[in-house]
Amino acid sequence: MVGVRSKDHGDKRQLILDNAAGLFALQGFNKTSVAEISRSCNASKAWVYHYFSTKEDILFTLLRDFLVEVSDRIAAVSRGKKTQSEQPADRLRAFIRECLQIYDDYRINYPFLFNEMRYLPQKQQAELRSIERRPVSELEAILLALRPELAKARSRRRPLTLLVYGTINWTYTWFEPEGKLDADELTDMAIRLILRGLCDKHLLDPGPIEGIIGAT
């Protein structure tokens with residue numbers, strides 16, 4: 001049902017994580033026992049405990065592993081390592097395209113699984129939140145390169161970044177790569193939307209928005 005690693009990743013540790021993720025998504029972290037996880041793996045509880053000391057450890061590991069891999073992949077493309085281009089528009093395109101590829105490579109119930117984070121110790125939650133912020137910082141750096149004036153708009157820069165990231169991130173709920181619109185076309189649409197918005201000379205201005213539609 002739900003996996004948090006690459007579809008073809010199949011080691012024993014990952015078997016536990018994948019099955020636990022499915023159970024957590026289906027019935028919740030609290031209602032899932034280690035015994036159920038072990039049965040789903042056709043193994044014993046002792047076998048599960050050989051890899052993870054607690055059920056919380058399983059949840060923390062599956063979320064951390066996913067976040068670290070996503071962060072590393074996005075960092076690699078957004079800094080121009082994969083595209084061989086340091087132009088900010090190319091980096092933005094690579095960022096968006098990699099996000100869409102991640103959603104296609106992985107099957108993740110984001111809202112539910114990350115909502116279960118509340119059952120983890122505060123220290124582990126803080127570590128996960130810190131990793132979650134890495135892609136946002138990568139995107140913020142790209143937007144800053146595209147619109148240098150953002151450097152002086154500290155109170156608006158992060159909210160703007162989160163608006164853009166949220167738009168990209170939420171595509172996992174509705175985008176079908178095999179549908180009429182492919183990932184490259186969607187990336188182009190997103191690029192145009194974001195770049196036109198960033199080029200708006202009134203982007204950072206407070207005040208009324210009347211007259212924006214139809215304005216040139």
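In what follows, residues are counted from 1 in the order of the sequence shown. When reading the values below, keep in mind they use all heavy atoms of this one structure, side chains included, and skip hydrogens, waters and symmetry mates.
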Quiz item: What do the steps show when you test C99 against I74 for side chain to side chain contact (heavy atoms under 4.5 Å, CB included), and what is the final call?
Solution: CA-CA 7 Å; C99 285; I74 287 177; 3.8 Å; yes
Quiz item: With under 30° as parallel and over 60° as perpendicular, where do the rings of Y165 and F95 fit, or are they tilted in between?
Solution: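 Answer is perpendicular, since the angle exceeds 60°.
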Quiz item: So does R154 have more than 12 non-hydrogen atoms from other groups sitting under 6.0 Å from CZ?
Solution: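 Not buried by this count: 12 neighbours or fewer within 6.0 Å.
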Quiz item: Do other residues, nucleotides or ligands put more than 12 heavy atoms under 6.0 Å from the CD atom of E185?
Solution: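 Count over threshold, so yes.
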Look at the side chain of [X] and the backbone N and O of [Y], then say whether any donor-acceptor pair between them is shorter than 3.5 Å.
{"X": "Q14", "Y": "D11", "result": "no"}
{"X": "T32", "Y": "G28", "result": "yes"}
{"X": "Q124", "Y": "F60", "result": "no"}
{"X": "Q125", "Y": "L120", "result": "yes"}

Is there side-chain contact between [X] and [Y], with heavy atoms separated by less than 4.5 Å?
{"X": "L143", "Y": "R147", "result": "no"}
{"X": "D65", "Y": "R13", "result": "yes"}
{"X": "I194", "Y": "I96", "result": "yes"}
{"X": "L160", "Y": "L203", "result": "yes"}
{"X": "F52", "Y": "L17", "result": "yes"}
{"X": "L62", "Y": "E116", "result": "no"}
{"X": "L128", "Y": "F66", "result": "no"}

Self-check item: Worked verdict on R133 versus S130 for side chain to side chain contact (heavy atoms under 4.5 Å, CB included)
Solution: CA-CA 5 Å; R133 288 192 288 270; S130 177; 3.9 Å; yes
Shared hydrophobic cluster for [X] and [Y] (ILVMFWY, side-chain gaps under 4.5 Å):
{"X": "L163", "Y": "L100", "answer": "no"}
{"X": "Y49", "Y": "I58", "answer": "yes"}
{"X": "I168", "Y": "L193", "answer": "no"}

How close do [X] and [Y] get, heavy atom to heavy atom, and via which atoms?
{"X": "V77", "Y": "A94", "answer": "CG2-O, 3.6 Å"}
{"X": "D184", "Y": "D182", "answer": "N-OD1, 3.1 Å"}
{"X": "A151", "Y": "L144", "answer": "N-CD1, 3.2 Å"}
{"X": "R73", "Y": "E98", "answer": "NE-OE2, 2.7 Å"}
{"X": "I142", "Y": "P88", "answer": "CG2-O, 3.5 Å"}
{"X": "A89", "Y": "L146", "answer": "N-CD2, 3.8 Å"}

Practice problem: Using a strict cut-off of less than 4.0 Å between a Lys/Arg side-chain nitrogen and an Asp/Glu carboxylate oxygen, indicate whether E127 and R129 qualify as a salt bridge. | Solution: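 Answer for the salt bridge query: no.
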Quiz item: Which residue pairs satisfy the side chain to side chain donor-acceptor pair (under 3.5 Å) criterion with at least one member in residues 50-63, sequence neighbours excluded?
Solution: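 Found S53-D57.
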Practice problem: Using the side chain to side chain contact (heavy atoms under 4.5 Å, CB included) rule, take V70 and R134 through it: C-alpha gap first, then chi angles, then the decisive distance, then the call. | Solution: CA-CA 9 Å; V70 168; R134 293 177 191 172; over 6 Å; no
Practice problem: For the pair L92 and L139, evaluate side chain to side chain contact (heavy atoms under 4.5 Å, CB included) and give the outcome as yes or no after the intermediate values. | Solution: CA-CA 8 Å; L92 178 61; L139 178 58; 3.8 Å; yes
